[in-house]
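Scroll down for the structure; my scribbles are underneath it.
Letters A, B, ... mirror the listed sequences (proteins, then strands); counts begin at 1.
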Amino acid sequence: MWFRNVLRLHDNPLLNKTCSSEKIESLVPLYIMEDEWFNLDSITISANRKKFLYESLLNFNKNFRIKYGVDILIFHGNSSKIINSITENLDNEFKWLLCDYCPEPDKRHTINKIKENLVNLEINLKVIPAVNTILDVEKVIQSNNFSNPKSSKDIEKIFAEKYEHSPHGYIIGDSLLPPSNLNIDKKKMEVLIHESTISEFYISEDILKNKLMELESKSKITDSYFVGGEDEALERFERKISQSPNFVNSFSKPSTISTNKDDNPLEPTTTGLSPYLSNGCISARMLWNECLKINFNSTHTLPPESLHGQLMFREMFYLLSRSVVNWDNDIENSNCKPIQWGEYDELKIKAWESGLTGFPYIDAMMRQLDATGWMHHLGRHAVSCFFTRGQLWQNWKYGRNVFEKKLIDSDWALNNGNWLWLAGVAPFSMPYYRIYNPCPDSKSSLNVETTNANFIRHWIPELSHFPSKYIFEPHLAPSTIQHDSKCVIGKDYPFPIVDRKQTRKRNLSLFKESNKQLSN
DNA sequence: GGATCCGTTGTAGCT
DNA sequence: AAGCTACAACGGATC
């Protein structure tokens with residue numbers, strides 16, 4: 001039983017499948033951590049992301065032990081090599097490999113490779129669908145009348161075909177309770193831990209705990225706010241969903257504000273469940289069902305703005321990520337219109353990534369991303385628009401890479417989908433001329449008020465004494481105010497790296513020009 | 001087959 | 001301060 005991206009006991013179809021299958025007499029629970037994740041020095045994954053996964057894995061292991069009396073077998077290394085070694089070391093004594101379906105190309109590639117090897121050994125591979133999604137991705141995209149969804153209406157049609165509709169939302173079926181016991185083969189686990197050719201790749205709970213401590217001391221993750229794991233996920237679920245019917249029933253994205261009114265600038269105004277969803281700590285199906293239950297008792301918002309709407313967009317991107325070839329690329333991608341982006345500009349990209357563009361709203365968001373691994377939905381829109389068609393005119397792929405590395409809710413399907421959308425290259429509704437103002441004033445939908453000013457003061461300490469009136473464009477403040485605020489622009493905080501109005505105008509016409517050439 | 005509608009999130013400038 | 005208007009004008013679905 002190989003857990004790939006499912007680190008929870010609740011609504012985990014793997015556990016129930018295993019339990020209900022009569023063919024399986026005993027099992028060995030397994031997790032494999034790729035070395036990219038295990039190596040603390042790897043630079044493609046941020047310390048925050050690693051921390052979140054380690055915590056999630058430790059918590060899952062603990063819950064598994066409490067429930068079933070044994071730790072999960074954890075190895076690090078290449079998945080297919082580890083699986084091969086296990087078959088060899090157990091003398092082909094196991095007959096089934098069960099795992100959760102993962103739609104990412106590299107993971108599908110891995111599973112195909114493993115399948116080839118298993119077939120020769122007469123071992124069955126069972127990939128359980130829809131573990132971290134509501135829809136069975138493969139089944140939906142292979143159905144006869146499937147075409148790529150492009151809007152909330154399109155994805156709603158897909159739901160409508162499959163599920164019964166109630167006035168309060170689609171009925172997708174109950175989520176699962178974990179089985180009360182599992183017949184685990186401890187002897188085989190002992191063999192793999194102590195007497196196998198992969199013993200050296202075994203990660204005990206103590207090793208993982210030390211690894212987490214080392215990570216925390218090495219990279220001073222002082223601002224990390226989200227703690228990984230099913231326990232935290234369920235606590236947050238309880239607090240923000242189950243016990244907050246008004247929040248659920250009135251939830252209306254995009255009209256959530258990017259900064260919090262209460263004292264904690266780190267607590268999101270949205271659910272904050274995204275990292276738990278993408279790491280498999282909470283079930284999307286359970287979240288859907290809880291919202292449905294709450295919606296039944298009251299009037300409520302509807303898709304696409306409601307929480308059900310958010311979950312539907314998530315499903316839409318999962319489908320597209322599987323059906324659109326080269327989903328993560330800017331060429332040979334049917335969902336990416338070719339735009340002549342500017343030359344790779346290292347200075348601008350570095351300034352953007354490190355929060356030194358001279359645009360406080362953008363910089364605050366990017367510093368929050370770096371420090372915590374999380375950013376509000378609207379902030380993600382603002383900084384990605386700024387990076388691409390708004391101001392910097394850089395290829396969305398470079399921005400995407402930064403998000404992928406740093407976001408604790410990093411998710412291949414969703415991250416690429418949102419960048420395609422915001423860059424204006426996807427065939428979704430996104431008039432390219434709607435460019436977010438990187439210096440949002442009180443008229444902007446990015447909604448400023450004093451909360452955003454406080455948000456900026458929190459993440460950009462250089463500006464902590466700056467008056468709200470000038471804080472979004474501090475270089476426009478009279479020099480007396482700059483001196484009084486102990487922040488002289490050009491010395492203590494950078495001048496804007498671009499003229500926002502001039503770049504906006506130029507980029508609009510460049511985009512228009514690209515469109516013209518494409519339609520010819 | 002041409003017109004119209006619609007799409008989860010706009011900005012700037014003036015009164 | 002709030003409200004109005006000009007700007008720019010995609011592209012598929014539906015009528």
>> Can you measure Leu378(A) atom CG to dT8(B) atom P for me and round it to whole angstrom units?
In response: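 So the two atoms are 16 Å apart, to the nearest Å.
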
> Expressed in angstrom and rounded to an integer, what is the separation of Tyr433(A) atom OH from dG7(B) atom C1'?
Replying inline: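 Going from OH in Tyr433(A) over to C1' in dG7(B) covers 10 Å.
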
Mind checking side-chain contact (heavy atoms from CB on, under 4.5 Å) for [X] and listing every partner two or more places apart, or none if nothing turns up?
X         : value
Leu277(A) : Ile282(A), Ala284(A), Leu287(A), Arg314(A)
Glu290(A) : Phe237(A), Ile241(A), Ser242(A), Lys293(A), Ile294(A)
Tyr163(A) : Ile134(A), Leu135(A), Phe159(A), Tyr170(A), Ile172(A)
Phe296(A) : Ser166(A), His168(A), Leu292(A)

OP1 or OP2 of [N] sitting under 4.0 Å from any side-chain N/O of [X]?
X         : N       : answer
Lys153(A) : dC5(B)  : no
Arg434(A) : dT9(B)  : yes
Arg380(A) : dT9(B)  : no
Asn437(A) : dG10(B) : no

> Which pairs with one or both residues in residues 479-496 of chain A pass side-chain hydrogen bond (donor to acceptor under 3.5 Å, both in side chains), sequence neighbours excluded?
Replying inline: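 For residues 479-496 of chain A, and leaving out neighbouring residues, the side-chain hydrogen bond (donor to acceptor under 3.5 Å, both in side chains) pairs sorted by first residue read Asp363(A)-Tyr493(A).
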
> Excluding sequence neighbours, so at least two apart, what forms salt bridge (charged side-chain N to carboxylate O under 4.0 Å, His left out) with Lys405(A)?
Replying inline: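 Checked Lys405(A) against salt bridge (charged side-chain N to carboxylate O under 4.0 Å, His left out); zero matches.
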
> Can you list the residues that meet the salt bridge (charged side-chain N to carboxylate O under 4.0 Å, His left out) rule with Arg4(A), with sequence neighbours excluded?
Replying inline: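 Partners of Arg4(A) under the salt bridge (charged side-chain N to carboxylate O under 4.0 Å, His left out) test: none.
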
>> For DNA chain C, please output the secondary structure as dot-bracket, reading 5' to 3'. Pairs are Watson-Crick or G-U wobble, both atom distances under 3.5 Å; mark crossing pairs with [ ], other-strand partners with |, unpaired with a dot.
In response: .||||||..||||||

>> Checking Asn145(A) now: which residues fulfil side chain to side chain donor-acceptor pair (under 3.5 Å) with it, not counting sequence neighbours?
In response: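 With sequence neighbours excluded, Asn145(A) shows a side chain to side chain donor-acceptor pair (under 3.5 Å) to Glu161(A), given in chain and number order.
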
> Is Asp136(A) salt-bridged to Lys139(A), going by a charged N under 4.0 Å from an acidic O?
Replying inline: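 So Asp136(A) does not pair with Lys139(A) through a salt bridge.
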
> So, are Glu404(A) and Lys397(A) salt-bridged, with charged N and O less than 4.0 Å apart?
Replying inline: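 No.
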
>> For DNA chain B, which residues of residues 142-152 of chain A approach it to below 4.0 angstrom with any heavy atom?
In response: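 Of all residues in residues 142-152 of chain A, the ones placing a heavy atom under 4.0 Å from DNA chain B are Ser151(A), Ser152(A).
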
> In residues 407-425 of chain A, what residues come within less than 4.0 Å of DNA chain B, judged by heavy atoms?
Replying inline: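 Going residue by residue through residues 407-425 of chain A, the ones with a heavy atom under 4.0 Å of DNA chain B turn out to be Trp421(A).
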
> In terms of side-chain heavy atoms of Arg504(A), which of dT9(B), dC10(C), dG10(B) is nearest?
Replying inline: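 Between dT9(B), dC10(C), dG10(B), the one nearest the side chain of Arg504(A) would be dG10(B).
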
> Stacking between Phe313(A) and the base of dT8(B) (centre distance under 5.5 Å, interplanar angle under 30°)?
Replying inline: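 Stacked: ring centres under 5.5 Å, planes under 30°.
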
> Taking only residues two or more places apart in sequence, or in another chain, which ones meet Tyr276(A) in a ring pair (Phe, Tyr, Trp, His ring centres under 6.0 Å)?
Replying inline: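 Here the qualifying residues are Phe52(A).
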
